[in-house]
Amino acid sequence: MKYWLFKSEPDAFSIEDLFALPNATDHWDGIRNYQARNIMRDDMKKGDKGFFYHSSCKVPGVVGEVKIVSAAYPDHTARDKRSKYYDPKATEEDPRWCMVDVQATQQYQEVIPLTTLKQTPGLEDMTLLRRGNRLSIMPVSAAEWRIIRKLAR
DNA sequence: GCCAACGTTGGC
DNA sequence: GCCAACGTTGGC
């Protein structure tokens, strides 16, 4: 099993929003970065787990956990002209972009702030903390997963 | 709102 | 295939 981190701006889509949906499940659409797409398409597997991370907000940080409940499949918003994720280059034969389904499994009582992660031993090499990394989904090692979970309440 | 860092685009 | 210009991300 692998571990991941899903970044989202809470103003657009928060962990509360995910919990409010039936089965606390939704598709993670709108990925329009090739590196992130390749991770999703090639490496994410049903049953993997992930952190839900709130970005571009008052206290950026890890707010809970999700489970990946489907393998990658075509992101239909790429072919929807009304979607803000519309991509004219996406076709039925070559959908270009994909998404997975995620289910919220836990919301922490308190956010684990980015500032705490930065100060926590063992997380020095975390992709999230590496300079200039702007991927919206990224890998988390098993060791990092364990360390971060211990910080949660 | 600023700005550093990075990805994408398009002219050549 | 190079690279300048531009757009986006996201912490501060």
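Protein chains get the first letters and strands the later ones, always in sequence-line order, with residue 1 at the start of each.
- Taking every side-chain heavy atom of A:L114 into account, C:dC12 is the closest of B:dC6, C:dC12, C:dG10.
- Look at NE2 on A:H54: it is 13 Å from P on C:dG10, rounded to the nearest Å.
- Between A:L18 and A:T25, the closest heavy-atom pair is CD1-C, 3.9 Å.
- Among the nucleotides C:dT9, C:dG11, B:dT8, the one closest to any side-chain atom of A:Y34 is B:dT8.
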Yes or no on salt bridge (charged side-chain N to carboxylate O under 4.0 Å, His left out) for A:R82 and A:D80, after CA distance, side-chain angles and deciding distance? CA-CA 5 Å; A:R82 291 162 308 173; A:D80 178 0; 3.4 Å; yes
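- Going from atom CG of A:N33 over to atom P of C:dT9 covers 10 Å, rounded to whole Å.
- When the P atom of C:dT8 is taken as reference, atom NZ of A:K84 falls 11 Å away, rounded to whole Å.
- At the heavy-atom level, A:K118 lies under 4.0 Å from the strands shown only through sugar-phosphate atoms.
- Taking atom CG on A:L128 and atom P on C:dT9, their separation rounds to 16 Å, with Å as the unit.
- The aromatic rings of A:F13 and A:F52 sit tilted relative to each other, their planes meeting at an angle between 30° and 60°.
- Annotation: A:Y73 is not in aromatic contact with A:W97 [ring centroid separation under 6.0 Å not met].
- Regarding contacts with the backbone of B:dA5, a side-chain N or O of A:R131 is found under 4.0 angstrom from either OP1 or OP2.
- A close approach under 4.0 Å does not occur between any side-chain nitrogen or oxygen of A:K89 and OP1 or OP2 of B:dT8.
- Straight-line distance from the CG atom of A:N133 to the C1' atom of C:dT9: 11 Å, rounded to whole Å.
- At whole-Å resolution of the value, CG in A:D87 and P in B:dT8 are 12 Å apart.
- Between A:R32 atom CZ and B:dT9 atom C1' there is a gap of 18 Å when expressed in whole angstrom units.
- Atom-to-atom, CG of A:D11 to P of C:dG10 comes out at 13 Å; the value is rounded to the nearest Å.
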